[in-house]
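One structure is given here, and the rest of the page talks about it.
Everything numeric here is computed off the predicted structure, so don't read it as measured data.
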Amino acid sequence: MNLNMAGGAQGMMKEGSTLADGVDEAVLKNIGATKQLAKIVQSSLGPNGMKKLIINHLGKTLVSSDCGTIARELEVVHPAAQMVSMASAAQDSEVGDGTNLVVSFSGELLKLAEELLRTGLHTSEIVQGYELAYAECVRVLPELEIARVKNVRDANEVAKAIEPVVAAKHEGVEGILSKVIADACVAVLPPAPEAPILKADQVRIAKLRGGDVASSTMMKGMIVMRPSETTVQQLEDRSKVVAFNCGVEMATTETKGTVLIRTADELINYNKSEERALEAIVKEIADSGVKLVISGGSVSDMAVHFLEKYQLMCLKITSKWELRRLCGATGCTALVRLGAPTPEEMGSASKVTTKELGGRTVTVLEQLGDAQTKIATVVLRAATASLIDDLERAVDDGVNAVRMLCKDPRLLAGGGACEMELSKRLRDFCEQSQGMDHYALAKFADAFEVVPRALAETSGLDQTKVIAELRDQHAAGDATAGVDLAATLSGGGTGAPVRDGYAVKESALRLAVDAAVTVLRVDQIIMSKPAGGPKK
């Protein structure tokens, strides 16, 4: 209980604890950590963004330019950098795109805040200025709308809107992938009278190695990565489907029991009674009109024998999540009892086929024509595992972009045009400010230039020249002028080819500012002694 007064604050804590406070010890160190994280991901921004090769703690190699994946696999341990990483993860889960903007913009805000701190401004003045600038951005952002998706059920219009999102992750195949993604998303939307609501898990991804990206397709329904358990390999004409949440076999008793058999006749009769009971169940299922049986557990050899006898196709699904999605794709209800289903519990599939794709035998359940389905599948083809994983991340971003367009169809000018216009509007607003927050407002406006600067850098353009020309064009009233990756500047008009989703941009700005302000408000870092003894 003795307190070492000479030890300061550390004298009251356990031995091995550390304390850092003040601008130099806490704030600037936090800013330095976040700047390093932002520096890593900034070069991955845009269609020409560089990829990162990451080997995680399990030894798995990832090659990707997706900021969400990079930040997650880096396993950041610095608490301040973790805040920015968590903001990126929140953007990924809420919106599904714009994670690089969150990290890059928050890192730039903190980098410029460091310059203000060194000139003598107090942290509270910088925070107040940043919050004022963000409020002005929220007010101005709706005025920057250049177009909107008029009909989210039009696959061509949706494909055009999400093309920049796919191109930012995998340039060169955006024309192919965006069309496939749009078709898949439109296929699972509810009919016209209902509101267009899309859930990300309604679009599944089947990764099949072999072929090229141009071979990627979309289908209404699901692909099961295993063949049929019986010799029936194909069904057509809207076959009826039943799904069981249990195995197709004779159920065991809940309590342990012993059967005493004295003679061979008793043994034969015992086996035959079990066979008759199972055959009766399979016959009931066949008599109900069912052609496809989906089992959520094991399928016994005896069950396969009787399924073959009544010419039923059978699929074994080991994952309850996959079983639930199959029920959504076919419209059936997963039964917990083994027996004949009622008409309400049965589903249907237009066509069921077992085929070989990419060296694997798979079963394809399709809904042809105008048949409604809650599940669509994007079949991705590529030569290598790393490429197909990267394509999967691009498809995920595209599906989430469509999901956000269903909620908010507004579009903003892309290619850094929106950021440059916000920077110009903030500079005009800054001239009206008279207090100390004037400096923070000016730095907030400068921070927006990180996006066109990164796009120019990854494209091999002269950053200084690009930023100067963009400033001139926006000062002249062209609010849609952005970086053209063909070494020129994309002139404006609402026909600008690159567009960003309004909801994505709004969410990214909010999370980036929240993360930057939270890091700036920290004035002390207190770390207890780690548990578990010394590290190896």
Side-chain angles (χ1 to χ4, degrees), residues 98 101-102 104-117 119 121-122 124-147 410-456 463-484 489-494 496 498-514 516-517 520:
L101 178 58
V102 173
S104 300
F105 188 58
S106 60
E108 191 71 10
L109 286 175
L110 291 168
K111 175 184 174 182
L112 297 175
E114 181 182 4
E115 298 177 7
L116 294 176
L117 287 169
T119 58
L121 252 70
H122 194 271
S124 62
E125 294 169 339
I126 299 173
V127 169
Q128 184 180 355
Y130 278 4
E131 290 177 342
L132 184 62
Y134 171 67
E136 178 65 12
C137 287
V138 171
R139 187 191 68 80
V140 169
L141 203 58
E143 301 174 8
L144 304 184
E145 176 191 342
I146 61 168
R410 290 178 289 180
L411 298 171
L412 303 170
C418 177
E419 286 80 4
M420 288 301 296
E421 184 63 19
L422 284 172
S423 178
K424 171 187 171 292
R425 299 284 187 98
L426 274 181
R427 286 195 179 90
D428 296 339
F429 177 72
C430 179
E431 293 176 359
Q432 305 170 12
S433 176
Q434 301 297 328
M436 294 297 290
D437 52 12
H438 169 89
Y439 300 99
L441 281 168
K443 292 296 184 183
F444 198 101
D446 292 342
F448 277 117
E449 294 180 356
V450 68
V451 175
R453 191 181 299 116
L455 291 173
Q463 300 176 42
T464 307
K465 181 181 177 182
V466 168
I467 295 297
E469 292 187 16
L470 283 176
R471 283 180 179 174
D472 291 341
Q473 291 201 19
H474 282 266
D478 187 357
T480 60
V483 180
D484 184 3
L489 294 171
S490 63
T494 55
V498 181
R499 298 174 182 178
D500 294 335
Y502 180 92
V504 175
K505 194 77 69 178
E506 184 184 42
S507 175
L509 290 180
R510 173 175 53 82
L511 289 169
V513 174
D514 285 349
V517 167
L520 284 174

Task: Check: Phe444 ring centroid to Tyr134 ring centroid under 6.0 Å - done: no

Task: Considering all heavy atoms, the nearest Leu520-Ala113 contact - done: CD2-CB, 3.9 Å

Task: Interatomic spacing from CG in Leu422 to CZ in Arg425 - rounded to 0.5 Å - done: 8.0 Å

Open item on the list: Is the shortest side-chain heavy-atom distance between Val451 and Phe105 below 4.5 Å?
Closed with: no

Open item on the list: Can a donor-acceptor pair be found, under 3.5 Å and without considering hydrogens, that links the side chain of His438 to the backbone of Cys430?
Closed with: yes

Task: Check ion pair Arg427-Glu421 (N to O, under 4.0 angstrom) - done: no

Task: Between CG on residue Leu426 and NZ on residue Lys443, distance to nearest 0.5 Å - done: 14.0 Å

TODO: Test salt bridge (charged side-chain N to carboxylate O under 4.0 Å, His left out) on Lys111 and Glu115 and set out the steps.
DONE: CA-CA 7 Å; Lys111 175 184 174 182; Glu115 298 177 7; 5.9 Å; no

Task: Distance in Å, Leu101 CG paired with Cys418 SG, rounded so as to fall on 0.5 Å steps - done: 9.0 Å

- [ ] Taking all heavy atoms of Leu109 and all of Tyr130, pick out the closest pair and write down the distance.
- [x] O-OH, 2.7 Å

Task: Side-chain (Ser507) to main-chain (Ala503) donor-acceptor, under 3.5 angstrom - done: no

Task: Inter-residue atom distance Glu449.CD - Glu108.CD, 0.5 Å rounding - done: 9.0 Å

Open item on the list: Working note: Tyr439 + Thr119, criterion side chain to side chain contact (heavy atoms under 4.5 Å, CB included); need CA distance, chi angles, decisive distance, verdict.
Closed with: CA-CA 11 Å; Tyr439 300 99; Thr119 58; over 6 Å; no

Open item on the list: Is any side-chain heavy atom of Leu412 closer than 4.5 Å to one of Arg499?
Closed with: no

Task: Nearest atoms (heavy-atom pairs only) where Arg453 meets Ile467 - done: N-CD1, 4.0 Å

- [ ] Nearest 0.5 Å please: distance from the OG1 atom of Thr480 over to the CD1 atom of Ile146.
- [x] 6.5 Å

Task: With sequence neighbours excluded, residues passing salt bridge (Lys or Arg N to Asp or Glu O under 4.0 Å) with Asp514 - done: none

Open item on the list: Using every non-hydrogen atom in the two residues, find where Gly129 and Ala440 come nearest and quote the distance to one decimal.
Closed with: CA-CB, 3.7 Å

Open item on the list: Can you list everything that forms a ring-ring contact (aromatic ring centres under 6.0 Å, His included) with Tyr502? Sequence neighbours excluded, please.
Closed with: none

Task: Heavy-atom pair of closest approach, residues Asp500 and Gly415 - done: OD2-N, 4.5 Å

Task: salt bridge (Lys or Arg N to Asp or Glu O under 4.0 Å) partners of Glu114, counting only residues at least two apart - done: Lys35, Arg118

Task: Heavy-atom closest pair, residues Ser423 and Asp446 - done: OG-N, 4.5 Å

TODO: Calculate, to the nearest 0.5 Å, the distance between atoms CD and CG belonging to Gln128 and Leu121 respectively.
DONE: 10.5 Å

Task: Any side-chain heavy-atom pair of Lys505 and Glu419 under 4.5 Å - done: yes

